Protein chains: 2
Amino acid sequence: MNDLANAPDLVSDSDEPKTLAETAYRQLRRDIIEGVHRPGEKLRVEHLKDQYEVGAGTLREALQLLVTDALVVAQGQRGFRVAPMSLDDFADITRTRVLLETSALQQSIELGDDAWEASVVAAFHMLSRAEDKLGDGSKASREEWEMRNRAFHEALIGACPSRWIRHFQNILYHQSERYRRLSLFRQPIPRDVHAEHQAIVDAALARNGAEATRILSEHILRTLEAVRQLPADFIN
Amino acid sequence: MNDLANAPDLVSDSDEPKTLAETAYRQLRRDIIEGVHRPGEKLRVEHLKDQYEVGAGTLREALQLLVTDALVVAQGQRGFRVAPMSLDDFADITRTRVLLETSALQQSIELGDDAWEASVVAAFHMLSRAEDKLGDGSKASREEWEMRNRAFHEALIGACPSRWIRHFQNILYHQSERYRRLSLFRQPIPRDVHAEHQAIVDAALARNGAEATRILSEHILRTLEAVRQLPADFIN
DNA sequence: TCAATAACTTTTCTCGAGATTTTTGTCTAT
DNA sequence: ATAGACAAAAATCTCGAGAAAAGTTATTGA
């Protein structure tokens, strides 16, 4: 296997925060994805430093980290803003995700070993369990599902040796979360997502790259359609 | 044409720096790409703040910006380092670039209008002129060529409506520059790059997407081969 | 009434000093 | 001689206050 597979990530994401700035960064990121801070909203350091209980410079650094994820945009001398949302943007994100994720899956299927297969099966199992608990409609169960859904998609491309594809993939996934949250709000899992995931797993384990990537593409694009059918003024 | 084509960039790059932090960021970026700061080198804020004549917090912010470009890696509580270089990494960068840039070129060819064609021809002309002046071997002429080469590649994918692909493409191009600098050091333009560019332009204007992307792929991958044939210890 | 200028307020940006954490160096005991 | 622990040094991280810029409101003149 390639050395890069074991190399540290481009941006540390799995580790727990070791610095105040990173803690504030995570809270802010969560709040932006959750919609606490609305798209386009101005993020004033003076107000937010009290809210997140850090110094001005520290919060500034947290905001800078969010610029890396493109969840915040910075305009020199004019402060920070929550990155705006639009249907066009989500379409762009989704198509780029398809491009990267299918390529990564293809490589995973070609290169993945037994351990990779096992991790895919395991992640799929965890996700299935989370789906069962989704019925209660609680926020906790949906967050659990979000996390495991992400873990599942990461496991699928886990054997892809390209650190860069995984890095970009990571950024786009965060972006998607912001939009997917909208689609879940109105129509909580109407699609038979489970069957789609099952089909991807089957094709992947059968080492059928063409089939797996085809299903994955449709799977990702379906979320775009779901958001498209929301009321037009939902994205503001 | 898509709205996104005229939307502001994800990270402002063309504008001139409006803040001290951004000025320091550009100088640092240049120095890292040029190899003044070697790969893996520790970047101590206390030393660098004098060298770049800014405060500690400001330099810190500049370093954070470089993390976005993945030219610097930050480890919580353990400071900053110049991103390491390796042949595997360059191979990864190059393959990912091919994936993104061919997709972008394909879309450009499908969607580009007359203005796009004109900009491609113009950029190619500028690049050709720069190639003529390359004979003197001066640093200025090589920098001019670098800039126009980049402008040419940007023009090619200029009609691609995906802001995200262009954003990632941008990051990868900066990364490539670091490595390409090495290959130019020993063998200054041995390949017939001009003919390759000409072939891409011809295919693009003929709206032959398959041919154009094929040539572009080979074109980009050739740089990888050039670096591969350098002495093994060149990348440290 | 409207436009342009000027003063004021708000916000961002910048700096230097103090508190934590990591790293380095030394010493002792097995 | 090596390993572990303790202490000193260096570096990072954090904070609050001052300087610069942007945005806002009020005033003045046509």
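Not measured: the values here are computed from a predicted model. Every chain is numbered from 1, with letters handed out A, B, ... down the list of sequences.
- Among the protein residues, E46(A) comes within range of the nucleic acid bases, having at least one heavy atom under 4.0 Å from a base atom.
- Counting heavy atoms of neighbouring residues, nucleotides and ligands inside a 6.0 Å radius, atom CD of E225(A) exceeds 12 of them.
- Whole-Å rounding puts the K42(B) NZ to dA10(D) P distance at 15 Å.
- One finds no side-chain N or O of R78(B) lying less than 4.0 angstrom from the OP1 or OP2 phosphate oxygen of dT21(C).
- Rounded to a whole Å, the NZ atom of K49(A) is 13 Å from the C1' atom of dT12(C).
- Atom OH of Y52(B) and atom C1' of dC15(C) are 20 Å apart (whole Å).
- Between Y179(B) and F90(B), the ring-plane angle classifies as parallel under the 30° and 60° cut-offs.
- A21(B) comes within contact range of the sugar-phosphate backbone alone, with a heavy-atom separation under 4.0 Å but no base atom that close.
- What separates CZ of R60(A) from P of dC15(C) is a distance of 12 Å, to the nearest Å.
- G79(A) comes within contact range of the sugar-phosphate backbone alone, with a heavy-atom separation under 4.0 Å but no base atom that close.
- At the heavy-atom level, L43(B) lies under 4.0 Å from the strands shown only through sugar-phosphate atoms.
- Taking atom CD of E22(B) as the reference point, atom C1' of dA21(D) lies 15 Å away to the nearest angstrom.
- Dashed line: the shortest gap from a side-chain N or O of T58(A) to OP1 or OP2 of dC15(D) is under 4.0 Å.
- A perpendicular orientation is assigned to the rings of H167(A) and W164(A), their planes being inclined by more than 60° (bins at 30° and 60°).
- Listed pair R44(A) / dT10(C) fails the phosphate criterion, with no side-chain N or O lying under 4.0 Å from OP1 or OP2.
- Comparing H47(B) and G57(B) by the nucleotide of DNA chain D whose heavy atom lies nearest to each, the residue mapping closer to the 5' end is H47(B).
- Note: F168(B) and F168(A) have parallel aromatic rings, judged against thresholds of 30 and 60 degrees for the angle between ring planes.
- Considering only heavy atoms from C-beta on, E144(A) stays 4.5 Å or farther from K133(A) through its side chain.
- The CD-P distance, from E61(B) to dT12(D), rounds to 17 Å in whole Å.
- Comparing Q77(A) and E53(A), the nucleotide of DNA chain D nearest to each residue sits closer to the 5' end for E53(A).
- Between dT14(D) and T19(A), a contact under 4.0 Å exists linking OP1 or OP2 to a side-chain N or O.
- We find that OH of Y25(A) is positioned 16 Å from P of dC13(D), with the value rounded to whole Å.
- The CG atom of L59(A) sits 15 Å away from the C1' atom of dC13(D) (whole-angstrom rounding).
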